[in-house]
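Read through the structure below, which is laid out as structure tokens, and then see the notes.
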Amino acid sequence: MSFTPDPAFEFDLLVIGAGSGGVRAARMAGQRGARVAVVESGPLGGTCVNVGCVPKKLYSYAAEFADAFEQSRGFGWQLAGTPRFDWATLKTNRALEITRLNGIYGNLLAGAGVELVRGHATLTGPHEATVNGRTLRAKHVLVATGGTPRVPDIPGRELVVTSNEMFDLPEFPQRLVVVGGGYIASEFASIFNGLGAQVTQLHRGEQLLTGFDGDVRRFIAAEMRKAGVDVRLGAQVASVARAGGALAVTLANGEVLPADTVLYATGRVPHTQGLGLEALGVALGDGGGIAVNADYRSSVPSIHAIGDVTARVQLTPVALAEGMVLVDHLFGPRAGKPRREMDYAFIPTAVFTHPNIGTVGFTEEQAREKFGQITVFRADFKALKHTLSGSGERTLMKLVVDAASDRVVGLHMVGAEAGEIVQGFAVALRAGATKAVFDSTIGIHPTAAEEFVTMREPVA
Ligand code: NDP
């Protein structure tokens with residue numbers, strides 16, 4: 001054991017929220033010898049496990065079968081009858097799997113000696129919280145309460161759903177209107193389009209996915225339209241109302257869209273309400289998240305925060321990494337290992353649209369601003385599979401190189417398995433690989449990924 005518990009407190013660490021970040025921090029602290037309690041009122045695993053990454057990816061797989069059935073004909077398959085999708089089966093199987101994962105999270109906490117306290121925690125002091133009348137005192141407190149969807153105040157707001165409800169809609173929506181142009185909106189638009197819904201995606205901006213590389217944004221919008229999503233840009237919703245047994249979405253230009261379900265995916269807000277933070281003087285920062293320093297400490301020194309509640313990078317693997325860095329900081333590093341540090345540079349990310357987006361590093365626009373002189377390499381092609389599949393889907397790959405150092409500072413892909421492919425290249429970018437290193441790397445043939453090491457001619 002590398003850490004000596006403080007006898008002045010019942011617990012060394014009190015974690016509020018058993019999502020990705022909270023569970024990881026609790027487990028690691030428990031393994032380090034700390035006495036840890038985690039408070040959670042909902043199912044274990046937080047947004048990612050219950051209503052985020054995991055069910056989303058399962059539904060994304062479900063949606064991909066539609067293309068697979070269609071495309072199999074070009075490879076000689078004959079399907080007896082038309083494949084039919086059953087929403088109830090997908091929901092049931094997803095729920096079973098998520099329940100299994102909830103159980104695994106519980107076992108992981110128990111295995112690390114962490115006490116799970118069921119209920120809602122209210123902070124009543126810098127070292128103290130109450131849960132169902134019980135007072136828990138801890139030397140360190142970690143707030144890892146995540147975030148919740150934000151729906152703007154439009155007439156008919158009460159009629160729309162958020163990503164929290166999408167996985168369990170009682171009826172499969174034949175007509176789905178998705179509002180938003182970010183990660184969640186674009187992923188759900190693709191998924192429900194694949195599952196057979198008629199999907200209209202309304203985004204207020206000029207192009208989907210603000211902040212992504214310009215070529216990626218144009219390319220994915222074109223691919224999603226090709227796949228059947230009615231992507232409308234510069235579209236503002238005026239109101240949502242009941243219309244017969246369905247809904248009617250009225251746009252600012254007066255057009256009315258009928259819908260069975262209206263999904264609002266217009267961003268998420270940090271979950272800071274009702275925790276007693278204001279009374280303790282815990283300062284909030286930009287975006288309403290808990291403001292923390294480099295050691296995840298809030299303005300109240302004993303209270304820390306990681307993950308979505310800090311309103312910075314809203315990604316599960318970032319919350320996990322932050323949790324581990326915090327535990328090293330509070331309880332010392334693992335035996336024989338250096339203390340972990342968090343580095344926010346070159347965080348890879350994927351958007352599970354159809355086709356997927358994978359990206360790491362600077363967009364062309366950001367790189368031009370930061371490095372001045374850059375070289376861009378780009379390939380836009382039809383994947384080998386689609387020579388027989390009959391699909392018109394195309395793949396985009398792009399490298400952004402700092403001309404002065406030859407370092408590859410941005411790598412972007414739209415295409416099948418982009419997330420899987422970009423994860424590996426993220427290691428190379430973090431290691432500082434130059435374009436010369438990419439060029440000297442032998443490709444794996446025939447793959448789409450090999451294109452990243454065979455791009456010779458820069459874009460003019
Ligand atoms: P995003 O911030 O990605 O997107 C929000 C979208 O809603 C933007 O298109 C934004 O437009 C639009 N919007 C915001 N306010 C309004 C409004 N009042 N009216 C109309 N449109 C509005 O948020 P998401 O909710 O999609 O996702 C939250 C975060 O969760 C992501 O940023 C990401 O970090 C994480 N996430 C990651 C995933 C992954 O890794 N695959 C999957 C899902 C979520 P504009 O661009 O004009 O501001």
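Both counts, for ligands and for their atoms, begin at 1 and track the order of listing. Bear in mind the structure is a predicted one, so any value in this text is a computation, not a measurement.
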_Numbered atoms and elements of ligand 1 in range of Gly181, under 4.0 angstrom, heavy atoms_ = 6 (C), 8 (C), 9 (O)
*Side chain, backbone, both or neither: the part of Pro152 lying under 4.0 Å from ligand 1 by heavy atom*: side chain
*asked:* Test your reading of the structure: does Phe352 have an N or O sitting under 3.5 Å from an N or O of ligand 1?
replied: no
*Counting both backbone and side chain atoms, is some N or O of Ile184 under 3.5 Å from an N or O of ligand 1?*
yes
_Could you identify the single nearest non-hydrogen protein atom to atom 23 (O) of ligand 1 and state the distance to 0.1 Å?_
Gly267 CA, 3.5 Å
*atom 46 (O) of ligand 1: the protein heavy-atom neighbour that sits closest, reported with distance to 0.1 Å*: Thr210 OG1, 2.4 Å
_Closest protein heavy atom (residue, atom, distance) for atom 31 (C) of ligand 1_ = Tyr183 CD1, 3.5 Å
*Quick one: do Asn102 and Thr99 satisfy side-chain hydrogen bond (donor to acceptor under 3.5 Å, both in side chains)? Show the steps, please.*
CA-CA 5 Å; Asn102 297 146; Thr99 303; 4.6 Å; no
*Give the residue and atom name of whichever protein heavy atom lies nearest to atom 28 (C) of ligand 1, and the separation in Å to one decimal.*
Arg268 CD, 3.7 Å
*Look at the aromatic rings of Phe425 and Phe438 and report parallel, tilted or perpendicular, splitting at 30° and 60°.*
parallel
*For Leu315, atoms of ligand 1 separated by under 4.0 Å from a heavy atom*: 37 (C), 40 (O)
_Heavy-atom neighbours of Glu158 CD exceed 12 at 6.0 Å_ = yes
_Is any side-chain heavy atom of Leu330 closer than 4.5 Å to one of His304?_
yes
_Working to the nearest 0.5 angstrom, can you tell me the gap between Arg32 CZ and Leu13 CG?_
11.5 Å
*Identify, by atom number and element, the atoms of ligand 1 in contact range of Glu187, meaning under 4.0 Å from any of its heavy atoms.*
41 (N), 42 (C), 43 (C)
*Touching ligand 1 at all, Gln236? Heavy atoms, strictly under 4.0 Å?*
no
*Evaluate the side-chain hydrogen bond (donor to acceptor under 3.5 Å, both in side chains) criterion for residues Thr363 and Glu365: first the C-alpha distance (whole Å), next the side-chain angles of each, then the deciding distance (0.1 Å), finally the verdict.*
CA-CA 5 Å; Thr363 66; Glu365 298 78 11; 3.3 Å; yes
*How close does the nearest protein non-hydrogen atom get to atom 21 (N) of ligand 1, and which residue and atom is it?*
Thr266 CG2, 3.5 Å
*Centres of the Phe192 and Tyr59 rings: under 6.0 Å?*
no
_Once rounded to the nearest 0.5 Å, what's the spacing between atom CG of Asn193 and atom CE of Met224?_
7.5 Å
*For atom 47 (O) of ligand 1, grab the closest protein heavy atom and report residue, atom and distance to one decimal in Å.*
Arg204 NE, 3.0 Å
*Are Tyr264 and Pro149 close enough that some pair of their side-chain heavy atoms sits under 4.5 Å apart?*
no
*Answer whether the closest heavy-atom distance between the side chains of Val199 and Val178 falls below 4.5 Å.*
yes
*Give the numbers and elements of all ligand 1 atoms closer than 4.0 Å to a heavy atom of Lys56.*
41 (N), 42 (C)
*Under 4.5 Å between any side-chain heavy atoms of Val376 and Leu399, yes or no?*
no
*How close does the nearest protein non-hydrogen atom get to atom 4 (O) of ligand 1, and which residue and atom is it?*
Gly182 CA, 3.3 Å
*Short list, please: which atoms of ligand 1 are under 4.0 Å from a heavy atom of Ala350?*
39 (C), 40 (O), 41 (N)
*asked:* Applying a heavy-atom cut-off of 4.0 Å, say which part of Gln314 lies close to ligand 1: side chain, backbone, both or neither.
replied: both
